[in-house]
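Written out below as structure tokens is the structure these notes cover.
Just follow the structure's listing: the first ligand is 1, and inside any ligand the first atom is 1.
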Amino acid sequence: MSGLDIDNLKNSFQNAINLSGSPGAVSTSPTQSFMDTLPRRMSTSKHAKVLKPFSTGDMKILLLENVNQTAIAIFKEQGYQVEFYKSSLPEEELIKKIEDVHAVGIRSKTRLTANVLKHAKNLVVIGCFCIGTNQVDLDYATNHGIAVFNSPFSNSRSVAELVIAEIISLARQLGDRSIELHTGTWNKVSHKCWEVRGKTLGIIGYGHIGAQLSVLAEAMGLHVLYYDVVTIMALGTAKQVPTLDELLKKSDFVTCHVPATPETKNMLSAPQFAAMKDGAYVINASRGTVIDIPALVQACKANKIAGAALDVFPHEPGKNGAGAFNDDLNNWTSELVSLPNIILTPHIGGSTEEAQSAIGVEVSTALTKYINEGNSVGSVNFPEVSLRSLDYDQENTVRVLYIHHNVPGVLKTVNNILSNHNIEKQFSDSNGDIAYLMADISNVNQSDIKDIYTELNQTDAKISIRLLY
Ligand SMILES: NC(=O)C1=CN([C@@H]2O[C@H](COP(=O)(O)OP(=O)(O)OC[C@H]3O[C@@H](n4cnc5c(N)ncnc54)[C@H](O)[C@@H]3O)[C@@H](O)[C@H]2O)C=CC1
Ligand SMILES: O=C(O)CCC(=O)C(=O)O
């Protein structure tokens, strides 16, 4: 609650007590019950006290990029104020909107750079309603005590299914036949159209999506090879190969499922296309930085590569609309779209009803648990900390959430500040340069709360503090 006006604490305290809602407010989704089995086995059988950060009506959530309605329902059920936009926002508008919100929910388009985040004075948590978190400056968020959550696998199956469709579509030139017939041309051909049975699929990155795809591909009679920087157990009869080069040389289809990192930038470029089989196909539904598209264009023109399916691009439009995908966005666009057997999709790998509603529930639940309880389990940048609930009938208790620089002596300082009260329980963990302490303390009255906040606020190691009642 950094930036919380101390003078409002008393009111907030009273409001919070008055606002205690149903203990089951966010406990009905499968994700919630799954999460509950992990760190909360110690939960007492008594009613859990519902903690609130402060008056929940003051809690402002900014949701961009058409985040699923399930998320809006969960946030509204908490009494939070929700501002919702279907698209991402231009940077200047985003900076204005983010200034006073406590939580922001985005998908893959919104860039939460240091320049944007430095304006977010009240921001406590960011929800990426997707897998990738490369659009967020995680270092900045971490160093400023902003927790980041994502949905690590709720859309994996959707991506894998899209790639299966693309493998067959490329092998049968379906995109071109369909475009031709849409414009009246009947072109019944079998030249260079293939079955996929018996061909080899090379998967780069054998994580959630790569592994799921491996199982589906084998069911269609493809042989699967994969390359990954870590050794991963093969599913079915798939085989891990030790080098990218070996995968490229042996595969008929090469598909990328790696995160956007400096190491994966232009991972497939001219030398890699040259190493591939003549007439191989390339698929990318990971991130636009992973493939050097001008090099791909050249490889297609030279008939080295027989076709490609691209779902992601170095620059993508911020909103839907005709004419948005053009040479101003990426200067190779018109050359790419003029090539045969190129399937282009607008970053829809994870865009299914199933995936989006599951992500909506999962991420909004994680955000709510972090806002209301301080539970950081599942965060991508914070140490994972959670405490069992306070009992419903426990009065005069406060939960202290103290995010701090990971330096020696902090726990001693903090526990000195808390030592006049009964520390019911506490948990602390670190992750690199930051650490997170949660403590439930009892026998505190309103003026104690003010003192505790003031004293913690003056500690050198503090990054941010929240107090939940
Ligand atoms: N098109 C779309 O709509 C979607 C795209 N994605 C993208 O797909 C990516 C992969 O997703 P998941 O499979 O869930 O991720 P994951 O984290 O489960 O798996 C990624 C795998 O890549 C490997 N890897 C990392 N760097 C590598 C390198 N330099 N060389 C080889 N392997 C490397 C990792 O070891 C890991 O096994 C995400 O990071 C995201 O960017 C995810 C969902 C939807
Ligand atoms: O659905 C989206 O907006 C993004 C999907 C994606 O790329 C991801 O989950 O990383």
(message) Check this for me - ligand 2, Ser351, N or O atoms closer than 3.5 angstrom, yes or no?
(response) no

(request) Just need the protein heavy atom nearest to atom 38 (C) of ligand 1, so name the residue and atom and give the distance. (result) Ile131 CG2, 4.0 Å

(message) List ligand 2 atoms under 4.0 Å from Arg287, heavy atoms only on the residue side.
(response) 6 (C), 7 (O), 8 (C), 10 (O)

(message) So which atom in Ser151 and which in Ile359 form the shortest heavy-atom distance, rounded to 0.1 Å?
(response) OG-CG1, 3.5 Å

(request) Could you check whether the rings of Tyr370 and Phe382 sit parallel, tilted or perpendicular, using 30° and 60° as the cut-offs? (result) perpendicular

(request) Mark up the atoms of ligand 2 that fall under 4.0 Å of a heavy atom belonging to Ser108, in ascending order. (result) 2 (C), 3 (O), 4 (C)

(message) Applying a heavy-atom cut-off of 4.0 Å, say which part of Ile232 lies close to ligand 1: side chain, backbone, both or neither.
(response) side chain

(message) Taking 4.0 Å as the limit for heavy-atom contacts, which would you say applies to His208 with ligand 1: side chain only, backbone only, both, or neither?
(response) both

(message) Between ligand 2 and Cys130, is the shortest N or O to N or O distance under 3.5 Å?
(response) no

(request) Would you mind telling me if ligand 1 is within reach of the side chain of Asp311, the backbone, both or neither, using heavy atoms under 4.0 Å? (result) side chain

(message) Show me which atoms of ligand 2 lie under 4.0 Å from any heavy atom of Gly132.
(response) 8 (C), 9 (O), 10 (O)

(message) Using a 4.0 Å heavy-atom cut-off, which part of Val229 comes near ligand 1: side chain, backbone, both, or neither?
(response) both

(message) Which label fits Phe253 and Tyr281: parallel for a plane angle under 30°, tilted from 30 to 60°, or perpendicular past 60°?
(response) parallel

(request) Provide, to 0.1 Å, the distance between atom 6 (C) of ligand 2 and the closest protein heavy atom, together with that atom's residue and name. (result) His347 NE2, 3.5 Å

(request) Tell me which part of Ile209 gets within contact of ligand 1: side chain, backbone, both or neither, using heavy atoms under 4.0 Å. (result) both

(message) Given Arg107, Lys109, Glu65, identify the one with the heavy atom nearest to atom 1 (O) of ligand 2.
(response) Arg107

(request) Specify whether the nearest protein heavy atom to atom 30 (N) of ligand 1 is under 4.0 angstrom away. (result) yes

(request) Could you tell me whether Leu244 approaches ligand 1 through its side chain, its backbone, both or neither, with non-hydrogen atoms closer than 4.0 Å? (result) neither

(request) Any atoms of ligand 1 less than 4.0 Å from a non-hydrogen atom of Ala285? List them with their elements. (result) 1 (N), 2 (C), 4 (C), 5 (C), 6 (N)

(message) Measuring from atom 10 (C) of ligand 1, which candidate in Gln135, His257, Gln212, Arg107 has the nearest non-hydrogen atom?
(response) His257

(request) Write out the residue and atom name of the closest protein heavy atom to atom 34 (C) of ligand 1, then the distance separating them to 0.1 Å. (result) Asp228 OD1, 3.4 Å

(request) Please work out whether any backbone atom (N, CA, C, O) or any side-chain heavy atom from C-beta onward of Val258 is under 4.0 Å from ligand 1, and answer side chain, backbone, both or neither. (result) both

(request) Please determine if Ile131 has a nitrogen or oxygen closer than 3.5 Å to a nitrogen or oxygen of ligand 2. (result) yes

(message) At under 4.0 Å between heavy atoms, is it the side chain or the backbone of Val312 that contacts ligand 2, or both, or neither?
(response) neither

(message) Test of understanding: given a 4.0 Å heavy-atom threshold, classify the contact between Phe153 and ligand 1 as side chain, backbone, both, or neither.
(response) neither

(request) Flag atom 15 (O) of ligand 1 as yes if some protein heavy-atom distance to it falls below 4.0 Å, otherwise no. (result) no

